[in-house]
**Q** 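The structure follows.
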2 protein chains.
Amino acid sequence: MAKDRKKSAKKDAARAKGPRPPKGASATRLTAGAADGPGGFGAGDRPSVVVTVDVVLLALREGALSVLLVQRGREPGLGSWALPGTVVDGDEKLARAAARAVAARTGVSVGRRHLRQLAVFGDPGRDPRTRVLTVGFVAVTDRATPPAGGTVANGRWWGVGEVATKKGPGLAFDHGDILAAAVERVRSDLEATDLATGLIEEPFTLGDLRRAYEAVWSTALEPANFRRKVLATPGFVEPTGGRRTVTTGRPAELYVRGTGVPLRPPLLRPS
Amino acid sequence: MAKDRKKSAKKDAARAKGPRPPKGASATRLTAGAADGPGGFGAGDRPSVVVTVDVVLLALREGALSVLLVQRGREPGLGSWALPGTVVDGDEKLARAAARAVAARTGVSVGRRHLRQLAVFGDPGRDPRTRVLTVGFVAVTDRATPPAGGTVANGRWWGVGEVATKKGPGLAFDHGDILAAAVERVRSDLEATDLATGLIEEPFTLGDLRRAYEAVWSTALEPANFRRKVLATPGFVEPTGGRRTVTTGRPAELYVRGTGVPLRPPLLRPS
DNA sequence: AAAATAGTGTCTGTAAGACATTATCTA
DNA sequence: TAGATAATGTCTTACAGACACTATTTT
């Protein structure tokens, strides 16, 4: 009987997408009855907030987990580095704004597949006139374009490990918090999802996939056990039949991404 | 050699907390240089957004996972039900607004311990003048006040399974989405954290704790194996030495919440 | 005593850690 | 050939599922 609950809840969730009254009205009403202060917000008197998105775009560059940062072109803080972001248009979905912010910097279209909302950042009181909230997103790509270590528009890739060092960029605002949250989220998602396949180009070898895990988790994994686990999970990767020789050694079998599955049981990082 | 990588990455993520310039300036600058449309937002011309919080407060009522809803007192939608929520004050932290919204309805102060940010909900285009975004929170409490099935101010508890049925309330706006996300989040958190202890009153028996898991997951668990797992996780629960007899049967040992730990390895729900 | 609930012990299966062995390439 | 990397096999350990059995209460 408890089983039924889920379904009905789901159904309900699926619902309520159609035409519905403006959201503002909801908030108004909910607020109105209680000790929340003056109820509702009229056309002139409502608290106004600016919403931005900031994207942590992660990729592997020469085996190191790296993040795309853009350099600021104006005062204050000219020359310091920040996450690519943008103000959300009034009629724009958050995820679309995030994709737009990345595309403007990289030309890379970050598919829906690996663009995930992280959290809202930004407590109040910075700007006296207007509050600014940022919705953090995290995305992974298999292409750190341009490949080398180069520049994209006014952006470039930084090793996640470099960012905090003295020679590193020194992030603006609370972007260090957002980056830290993104890295932890990706570390965690690698345990339970096939997210790692989004970090490497197809076709890939199991060694490539293992090195992606090792780069994100900063741990060495046992190749034999890793292989066993990956191949025992249907839908994780699919063999192409091809092989690849890099420099020396036995040629490795090639794989492409599978249909995408939760890893059950999860592939836990070593303790 | 993969070992070496880890150290630098770890160090990095922890940093970047120091004093920082206002957030608003960040968004301005990031937008300015790129093809994001008109750069920056001036005092008069910025896109204005209203931000609300909506809280999914969950508790166990007679063994069933339940959610606190409030009835709307005004048109449009008078008489329909919604999550408790409020407009975020201009100088207020999001979590504080969430706690305030709950307190206004229940008198219960939801501690920081189990109040978690879920996600941002609300795509654009409802209100032609102003966009409204809602930050969803989820919280658990060990007290479904008032206990019976009763009313709190203009709110009451509903079984999560009731909400979607014909006899249920029919949720306003996209609150069904938020509720579904909250339930899934709690289900998942039960696997990896001690969140379930927040759903039951202290002191509790291992049977109480197990029934909390069973209610949230809608599954029966093997009492013996559950006990073994819980007691094998240091910091999950602490014995009081006391015992409790309910009706019949051997008196059960009593426990209180431990110091709070991640469950490693996780306590996975049955497949 | 019977019924009910709590707690213990133990067998089994699954899967991960460790590591030896074999396979196949380049220099 | 040596050296390097990939792939396979196997032993062991950790832990969860299943379930029998014991313990302690109320009726």
Side-chain angles (χ1 to χ4, degrees), chain A residues 63 190-192 196 200 203-215 217 219-256 261-271, chain B residues 1-3 63 190-192 196 200 203-215 217 219-234 236-256 261-271:
Chain A
L190 250 53
E191 294 190 326
I200 53 181
F204 51 81
T205 70
L206 294 184
D208 295 334
L209 184 59
R210 177 173 49 80
R211 282 182 288 272
Y213 271 89
E214 291 176 335
W217 284 349
T219 325
L221 299 176
E222 198 62 37
N225 299 335
F226 180 81
R227 175 190 188 80
R228 178 177 55 194
K229 173 68 180 179
V230 171
L231 294 183
T233 305
F236 195 174
V237 300
E238 297 296 337
T240 65
R243 295 177 160 270
R244 173 198 292 161
T245 305
V246 184
T247 55
T248 170
R250 176 174 173 172
E253 293 161 1
L254 291 173
Y255 297 83
V256 293
V261 283
L263 274 35
R264 282 190 58 83
L267 205 171
L268 297 176
R269 40 196 148 165
S271 33
Chain B
M1 44 137 166
K3 277 261 156 87
L190 250 53
E191 295 191 327
I200 52 180
F204 50 81
T205 70
L206 294 185
D208 295 334
L209 184 60
R210 178 174 48 80
R211 281 182 288 271
Y213 271 89
E214 291 176 336
W217 285 348
T219 325
L221 299 177
E222 197 62 36
N225 298 335
F226 180 82
R227 175 189 188 83
R228 179 176 56 194
K229 173 68 181 180
V230 171
L231 295 182
T233 305
F236 195 173
V237 300
E238 299 295 337
T240 65
R243 291 176 163 272
R244 172 198 295 161
T245 305
V246 184
T247 54
T248 171
R250 176 174 175 172
E253 294 161 0
L254 291 173
Y255 297 83
V256 292
V261 284
L263 273 36
R264 282 191 57 81
L267 206 171
L268 298 176
R269 42 196 147 165
S271 33

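Just so it is clear, the values below take in all heavy atoms, side chains as well, and ignore hydrogens, waters and symmetry mates.
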**Q** If only atom types and distance count, is the side chain of Thr233(B) paired as donor or acceptor with the main-chain N or O of Leu263(B) below 3.5 Å?
**A**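 Absent.
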**Q** Whole-Å distance between dT5(D) C1' and Arg244(A) CZ?
**A**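 Nearest whole value for this atom pair: 14 Å.
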**Q** Would the distance check show the side chain of Arg244(B) and the main-chain N or O of Pro203(B) forming a donor-acceptor pair, the cut-off being under 3.5 Å?
**A**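 Yes.
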**Q** Please determine whether a side-chain nitrogen or oxygen atom of Lys229(B) lies at a distance below 4.0 Å from atom OP1 or OP2 of dC15(D).
**A**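 So the side-chain polar atoms of Lys229(B) never come under 4.0 Å of the phosphate oxygens OP1 or OP2 of dC15(D).
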**Q** Please tell me which of Leu267(B) and Glu222(B) maps to the more 5' nucleotide of DNA chain D, matching each residue to the nucleotide holding its nearest heavy atom.
**A**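 Its nearest nucleotide being more 5', the pick is Leu267(B).
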**Q** Can you spot which of Leu231(A), Asn225(A), Val230(A) makes a side chain to side chain contact (heavy atoms under 4.5 Å, CB included) with Arg228(A)?
**A**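 Output: one option passes, namely Asn225(A).
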**Q** Counting distance only, does the side-chain N/O of Arg243(A) pair as donor-acceptor with the main-chain N or O of Pro251(A) below 3.5 Å?
**A**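 Yes; judged by distance alone, with no hydrogens or angles, the pair exists.
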**Q** Going 5' to 3' along nucleotides 3-12 of chain C, which nucleotides have protein heavy atoms under 4.0 Å from the base (write B), which only from the sugar-phosphate (write S), and which from neither (write -)?
**A** BBBBSBBB--
**Q** What integer distance in Å separates Phe226(B):CZ from dC15(D):P?
**A**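 So the CZ-P distance, Phe226(B) to dC15(D), works out to 17 Å.
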**Q** Rounded off to whole Å, could you give me the CZ-to-P distance for the Arg264(B) and dA14(D) pair?
**A**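 Atom CZ in Arg264(B) sits about 15 Å away from atom P in dA14(D).
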**Q** Once the angle between the rings of Phe236(B) and Tyr213(B) is folded into 0 to 90°, is it parallel (under 30°), tilted (30 to 60°) or perpendicular (over 60°)?
**A**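 Perpendicular, since the angle between the ring planes exceeds 60°.
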**Q** On a heavy-atom basis, which atom in Pro270(A) and which in Trp217(A) lie closest, and how many Å separate them?
**A**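 Taking Pro270(A) first and Trp217(A) second, the nearest heavy atoms are CD-CE3, 4.4 Å.
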